[in-house]
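Structure, as structure tokens:
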Amino acid sequence: MADFYDDDLDAASEEEHAAEQTAQFEAELQRQIALLPPQLYETMQPLLLLGSVASYMLLGHDDDPVPLALNELLGYDLDTLQLVVAATDNPSLARLMAAHTLQLFDFVVVGRLVFESALDEPLRAYLSRHQAPEGGFAGPRQHMLTFGESLLENIAQYLAGTDAELREELHLRRLQTESIFARLDDTLRPYYPPGHSPEEIEAEALDAADAAEDADEPAVHVTFNAGQRVTLSTALRLPYILAELGETAFGRALGGVRRLRRKALERLAARLAASDVEEPLSLSRSELLRLYQAAQVCALSTVTDVMATGSLEDVMRNAAARSEETAEEIAASAHHAREVLLLLMAGFVEVVEVNHPDDEEIAEAKAEISQLAELLAE
């Protein structure tokens, strides 16, 4: 029984000691906060911002060689980064510096190295796009390198003081981190938040241009029956499906056709499918050209192997293979569907060409798809 009470007393004593240490730490932290320059956070904010963006660009691909090596050596990962990002004013910055000094040291070392690595160019381009111009504070890169070096010296002095052995350990830690970047620089690739990669930004700009072009005054008013509207809506989706599948050279090449970009085709397909059968559909000049080229692609797809599985007829036949119909019935149905689709697409293409015999843009649009069709013979 005495042992039981002794254990309770020991546990209570440990809790009291821990609580006393916490109270002492908080009291010392408050004392240090009071001594900090009022503008300290504002002074360090650019470095914290630049370092956090640099680390996010690096650590976003957390299974890549450099992030894995940093985690193994330092325990440096996105969770560590969150500790630094959480500093948003003088008190939280003081807490970071007091309670997570070594993590702040790693943060600055890694941030500087990112600016000296293969990620430097995409990082500075990203910062420039997000209102961090080169002239903002001696240039983001120069600020991170220069001010970061000074901060590292201060952190080392704070942690090691006159302890030469501890200072040497910090130096070795930094050298090992630099070695990771030197050995694995060619594996680095930038991570961007969704919607912020250069490719996505370019695609967004192109789509905005497409939308503005499609919003022009109507060039034609076309009357389609219900079947034509459904079929043409499907045809509008085919080019980007083939491009994204990328199973043939023809399909991949469709991704570079200006008037067959996905979002513009989706908008037009949705408008066509939802339109009133009894009312003529108004099409701007660019919309007419999109529909014209999509119909050309669909017509080609009925008679040539635009996918690894063959033509659209092959796809329809394979899709129905599990039905209760015989092989002959399935083949006949697929062939009939192909003939109907080809007739509709070829008919629309012919109507456009007959009504615009001397139109240079339509001739160019036709030539563009015809040139791509040559890839089907390779």
Give a yes or no on whether the backbone of [Y] and the side-chain of [X] come within a donor-acceptor separation of less than 3.5 Å.
X: S284; Y: D214; answer: yes
X: S128; Y: R124; answer: no
X: T302; Y: A299; answer: yes
X: N355; Y: V351; answer: yes
X: S117; Y: V114; answer: yes

**Prompt:** For E217, does the CD atom have more than 12 heavy-atom neighbours from other residues, nucleotides or ligands under 6.0 Å away?
**Reply:**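 No, because the 6.0 Å sphere around CD of E217 holds 12 heavy atoms or fewer from other groups.
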**Prompt:** Crowded around E244 CD? As in, over 12 foreign heavy atoms under 6.0 Å?
**Reply:**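 Enclosed.
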Measure across [X] and [Y] and return the closest heavy-atom pair with its distance rounded to 0.1 Å.
X: A243; Y: G255; result: CB-N, 3.7 Å
X: T101; Y: A98; result: OG1-O, 3.6 Å
X: L96; Y: A87; result: CD2-CB, 4.0 Å
X: A253; Y: L375; result: CB-CD1, 3.6 Å
X: Y41; Y: L48; result: CE1-CD1, 3.9 Å
X: C298; Y: L238; result: CA-CD2, 3.7 Å

**Prompt:** Under 3.5 Å, is there a donor-acceptor pair between the E200 and S197 side chains?
**Reply:**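 Indeed, the side chains of E200 and S197 share at least one donor-acceptor pair under 3.5 Å.
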**Request:** For the residue pair T146 and Q142, confirm or rule out a side-chain donor-acceptor distance under 3.5 Å.
**Result:**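 T146 vs Q142: donor-acceptor pair found between side chains.
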As an exercise, state the distance from [atom1] of [X] to [atom2] of [Y], rounded to the nearest 0.5 Å.
X: M57; Y: F115; atom1: CE; atom2: CZ; result: 9.0 Å
X: Q296; Y: L260; atom1: CD; atom2: CG; result: 9.0 Å
X: R95; Y: L83; atom1: CZ; atom2: CG; result: 12.0 Å
X: D276; Y: L281; atom1: CG; atom2: CG; result: 10.5 Å

Co-membership, hydrophobic cluster, residues [X] and [Y], 4.5 Å side-chain:
X: V349; Y: V230; result: no
X: Y158; Y: L40; result: yes
X: L73; Y: L113; result: yes
X: L74; Y: L166; result: no
X: V84; Y: L78; result: yes

State, with a plain yes or no, whether a side-chain heavy atom of [X] is found less than 4.5 Å away from one of [Y].
X: Y56; Y: P190; answer: no
X: L372; Y: V297; answer: no
X: Y292; Y: E353; answer: yes
X: S301; Y: L242; answer: yes
X: L288; Y: H356; answer: yes
X: E169; Y: L172; answer: no
X: D106; Y: R173; answer: yes
X: L81; Y: S52; answer: yes

**Message:** By the ring pair (Phe, Tyr, Trp, His ring centres under 6.0 Å) test, which pairs, at least two apart or in different chains, include something from residues 178-207?
**Reply:**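 Residue pairs passing ring pair (Phe, Tyr, Trp, His ring centres under 6.0 Å), neighbours aside: H61-Y191, H130-H196.
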**Request:** Any ring pair (Phe, Tyr, Trp, His ring centres under 6.0 Å) involving residues 86-114? Give me the pairs, sequence neighbours left out, ordered by first then second residue.
**Result:**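 Counting only pairs at least two positions apart or across chains, no ring pair (Phe, Tyr, Trp, His ring centres under 6.0 Å) contact touches residues 86-114.
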With sequence neighbours left out, write down each residue that passes side-chain hydrogen bond (donor to acceptor under 3.5 Å, both in side chains) with [X], or none if nothing qualifies.
X: Q157; value: R167
X: E178; value: R174
X: E168; value: none
X: D77; value: T80

**Set of residues satisfying salt bridge (Lys or Arg N to Asp or Glu O under 4.0 Å) with respect to R252, sequence neighbours excluded** =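 None.
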**Message:** For D210, give me all partners under salt bridge (Lys or Arg N to Asp or Glu O under 4.0 Å), at least two apart in sequence or on another chain.
**Reply:**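 Residues passing salt bridge (Lys or Arg N to Asp or Glu O under 4.0 Å) with D210: R261, R290.
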Can you give each donor-acceptor pair under 3.5 Å made by side-chain atoms of residues 360-367, sequence neighbours left out, with the distance rounded to 0.1 Å?
unit_1 : atom_1 : unit_2 : atom_2 : d
E361   : OE1    : R285   : NE     : 2.8
E361   : OE1    : R285   : NH2    : 3.4

**Message:** Applying ring pair (Phe, Tyr, Trp, His ring centres under 6.0 Å), can you list everything that pairs with Y76, at least two apart in sequence or on another chain?
**Reply:**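 Residues passing ring pair (Phe, Tyr, Trp, His ring centres under 6.0 Å) with Y76: none at all.
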**Asked** Where do R112 and L152 land on the side-chain contact (heavy atoms from CB on, under 4.5 Å) test, with the steps shown first?
**Response** CA-CA 10 Å; R112 292 181 78 259; L152 288 175; 4.0 Å; yes
Expected list for residues 63-71: side-chain donor-acceptor pairs under 3.5 angstrom, two or more places apart:
unit_1 : atom_1 : unit_2 : atom_2 : d
D64    : OD1    : R189   : NE     : 3.4
D64    : OD1    : R189   : NH2    : 3.2
D64    : OD2    : R189   : NE     : 2.7

**Asked** Should the pair R259-E213 be classified as a salt bridge under the 4.0 Å nitrogen-to-oxygen rule?
**Response**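 Yes, R259 and E213 are salt-bridged.
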In residues 266-273, what donor-acceptor pairs under 3.5 Å come from side-chain atoms, sequence neighbours left out?
unit_1 : atom_1 : unit_2 : atom_2 : d
E266   : OE2    : R262   : NE     : 2.8
E266   : OE2    : R262   : NH2    : 3.3
R267   : NH1    : D207   : OD1    : 3.1
R267   : NH1    : D207   : OD2    : 3.3
R267   : NH2    : D207   : OD1    : 3.0
R271   : NH1    : S282   : O      : 3.3
R271   : NH2    : S282   : O      : 2.8
R271   : NH2    : E287   : OE1    : 2.8
R271   : NH2    : E287   : OE2    : 3.0

